[in-house]
There are 2 protein chains.
Amino acid sequence: MPSWETAKSQRRDDIVAAARALMRRSGVDGFSMRVLAEEAGVSIATPYNLFGSKQAILLEVLAADLKAYETALAEMHADEIEVLFRTVEMMTEVFAEEPDLYRSVIAAVSRDGGPEFRFMVSGPRYLLWKRLLREATEAGLLRADVDPDAFAITVTQHMFANVLDWALGNLSLAEMSGRIRYGLALSLVAIATPRSRAQIESRLKNAEILLQQFWRAALAARLKDGPLDTETRAVLADQLIHIENRSLEESA
Amino acid sequence: MPSWETAKSQRRDDIVAAARALMRRSGVDGFSMRVLAEEAGVSIATPYNLFGSKQAILLEVLAADLKAYETALAEMHADEIEVLFRTVEMMTEVFAEEPDLYRSVIAAVSRDGGPEFRFMVSGPRYLLWKRLLREATEAGLLRADVDPDAFAITVTQHMFANVLDWALGNLSLAEMSGRIRYGLALSLVAIATPRSRAQIESRLKNAEILLQQFWRAALAARLKDGPLDTETRAVLADQLIHIENRSLEESA
DNA sequence: GTATGGATTAAAACGCATTTTAAGGCGTGC
DNA sequence: GCACGCCTTAAAATGCGTTTTAATCCATAC
């Protein structure tokens with residue numbers, strides 16, 4: 001490797017490090033290429049020479065963390081069904097450690113991160129889920145007559161959509177986690193075997209109760225404090241009434 | 001209504017019409033506020049006075065079509081389970097009529113359409129699905145012990161995620177439709193009653209076969225023509241091998 | 001007929017991502 | 001020791017969404 005190459009990769013690292021620090025400190029709005037260049041001690045043209053675009057830099061920031069996550073997943077041991085839910089919980093824990101950083105990076109990268117981003121995030125995840133599902137199937141815990149590709153894609157996409165909703169500020173981290181686990185459990189119920197059905201149904205019920213708690217709290221708060229347009233109010237009130245009825249039924 | 005108000009709403013209509021025409025003609029990239037203003041015969045400041053932002057204008061473009069879709073849905077009659085799938089098919093048909101327009105608008109609006117967009121699209125859809133699911137439940141075709149909110153949100157989000165994937169160019173319209181129907185059928189299997197199980201399982205199988213056909217064609221094509229990075233190749237090859245094995249098994 | 005007030009306008013400006021230009025720095029090979 | 005390549009740099013420029021300014025239009029109210 002010629003010597004300027006090492007200087008170049010050093011600069012690359014500096015820029016990615018500066019990007020991570022800046023993202024953590026200033027969030028998605030305080031992050032501009034001009035500030036980043038200044039922060040990294042290079043000219044504005046350099047990041048473009050080395051990475052090509054802003055999104056490429058943010059992808060690089062994400063990539064390191066994704067790798068750490070992958071290795072953590074690889075070391076995990078649990079029952080073939082539990083491992084699926086543990087995967088979701090681990091992701092939630094990773095996000096919980098530095099929520100601002102992850103939210104900013106994921107939101108920024110998804111804004112127009114294009115297909116590469118989608119693929120970088122979904123690809124490995126999809127392979128992972130496919131493996132996990134195959135193992136559960138071999139253990140006799142899931143029906144064998146289901147296409148693992150179709151199922152893994154569905155589950156992966158559901159996760160991804162919820163993560164995005166969280167990153168864009170539409171969901172708390174806890175509700176994101178609850179929704180993902182609910183959707184996962186729901187899909188798994190569809191392909192459960194007699195041996196696993198009770199376990200998965202119980203997971204589904206737990207996630208359902210968790211979500212209901214969130215909604216009850218959130219909706220009551222929103223109905224209290226704001227003037228809302230009528231359509232919004234209708235949706236919220238509908239949810240609220242439903243949930244309150246259900247609470248009454250349950251306590252009766 | 002004072003006379004300048006009518007002139008104002010006339011201008012609003014002109015701008016929305018120009019936005020729709022421009023979007024249809026030039027797509028998401030050729031659409032800039034300066035071009036739009038020129039096209040509509042107003043100054044650049046006027047759209048901002050009347051709508052506030054670019055995304056608000058695009059939301060307006062979408063809103064009209066959404067309303068037409070809603071009314072078409074309201075007139076639909078079918079078996080309580082079939083109606084769920086018909087809803088997806090109707091959406092697909094709407095998109096198929098003017099794919100460029102819808103792709104552009106949805107992609108543009110989702111780029112940073114913010115929460116209002118999410119809500120405008122998801123809100124009515126969520127209410128619709130909740131109603132449809134309630135009717136199916138009352139007809140004894142779905143289990144009654146499932147939270148309709150949680151279920152409707154899950155289904156709605158799954159639809160939305162796939163529509164977005166289509167709008168961003170990651171999916172053909174037909175595959176989008178197939179994926180949505182697969183995910184819908186999968187979720188419904190989980191809450192099917194004995195009366196509806198066979199019908200839904202058959203839907204699931206159909207969607208599965210459709211998706212497999214897409215993948216077989218698409219993956220073979222991609223493996224042929226491009227240099228791919230190793231990770232991508234691994235994902236694709238894995239899918240391809242799986243599907244080809246399955247084809248062999250089936251033909252055997 | 002004239003003043004009032006809301007709306008549109010042209011024009012300039014801001015900050016942004018990105019690209020292009022010419023100039024300079026510096027390790028490597030001769 | 002000198003020239004060649006590669007890379008960084010400063011600086012300016014492009015086009016974007018958006019905002020601000022002051023000027024101007026024009027239907028209504030007196």
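In what follows, chains carry the letters A, B, and so on, assigned in the order in which the sequence lines appear, proteins first and then strands, with residues in each chain numbered from 1. As the structure is a prediction and not an experimental result, all values here were calculated from the model.
Below 30°, between 30° and 60°, or above 60°: for Phe95(A) and Trp166(A) the angle between ring planes is below 30°, a parallel geometry.
Residues of residues 13-21 of chain A having a heavy atom closer than 4.0 Å to DNA chain C: none are found. Residues from residues 37-46 of chain A with heavy atoms under 4.0 angstrom of DNA chain D, sorted by number: Val42(A), Ser43(A), Ala45(A), Thr46(A).
Counted within 6.0 Å of CD on Glu70(A), heavy atoms from surrounding residues, nucleotides or ligands total more than 12; the atom is thus considered enclosed.
For Arg12(B) and dA7(C), the CZ to C1' distance is 14 Å, given to the nearest whole Å. Here dT19(C) presents its C1' atom at 9 Å from OH of Tyr48(A), a figure rounded to the nearest Å. The distance between atom CG of Asp29(B) and atom P of dA17(C), rounded to the nearest whole Å, is 18 Å. When the C1' atom of dC16(C) is taken as reference, atom CE of Met33(A) falls 11 Å away, rounded to whole Å. Going from atom CG of Asn49(B) over to atom P of dT9(C) covers 9 Å, rounded to whole Å. Atoms CZ (Phe51(B)) and P (dA7(C)) sit 14 Å apart, rounded to a whole Å. Separating the CZ atom of Arg11(B) from the C1' atom of dC26(D) is a distance of 11 Å, rounded to the nearest angstrom. To the nearest angstrom, P of dT9(C) lies 13 Å from NZ of Lys8(B).
Legend: residues meeting salt bridge (charged side-chain N to carboxylate O under 4.0 Å, His left out) with Glu89(B), ordered by chain and number and at least two apart, are Arg86(B), Arg203(B). Annotation: side-chain contact (heavy atoms from CB on, under 4.5 Å) contacts of Leu133(B) (sequence neighbours excluded): Leu84(B), Leu142(B), Phe151(B), Ala152(B), Leu188(B). Taking the salt bridge (charged side-chain N to carboxylate O under 4.0 Å, His left out) definition, one finds that Arg12(A) meets it with Glu60(A), sequence neighbours left out. Taking the side-chain contact (heavy atoms from CB on, under 4.5 Å) definition, one finds that Ala40(A) meets it with Ile15(A), Ala18(A), Val42(A), sequence neighbours left out.
Closest heavy-atom contact between Ala174(A) and Phe214(A): CB-CZ, 3.2 Å.
Note on Glu98(A) versus Arg103(A): no salt bridge recorded, every NZ/NE/NH1/NH2 to OD/OE distance being 4.0 Å or above.
Contact check for Arg131(B) versus Leu128(B): side-chain heavy atoms found under the 4.5 Å cut-off.
Within the 4.0 angstrom heavy-atom criterion, only backbone atoms of the sugar-phosphate kind lie near Phe31(A); the bases stay farther away. Leu50(A) comes within 4.0 angstrom of the backbone, heavy atoms only, and of no base.
Considering only side-chain atoms of Lys54(A), the nucleotide from dT18(D), dT18(C), dT8(C) that sits closest is dT18(C).
In terms of phosphate contacts, Arg34(B) brings no side-chain nitrogen or oxygen within less than 4.0 Å of OP1 or OP2 of dG15(D).
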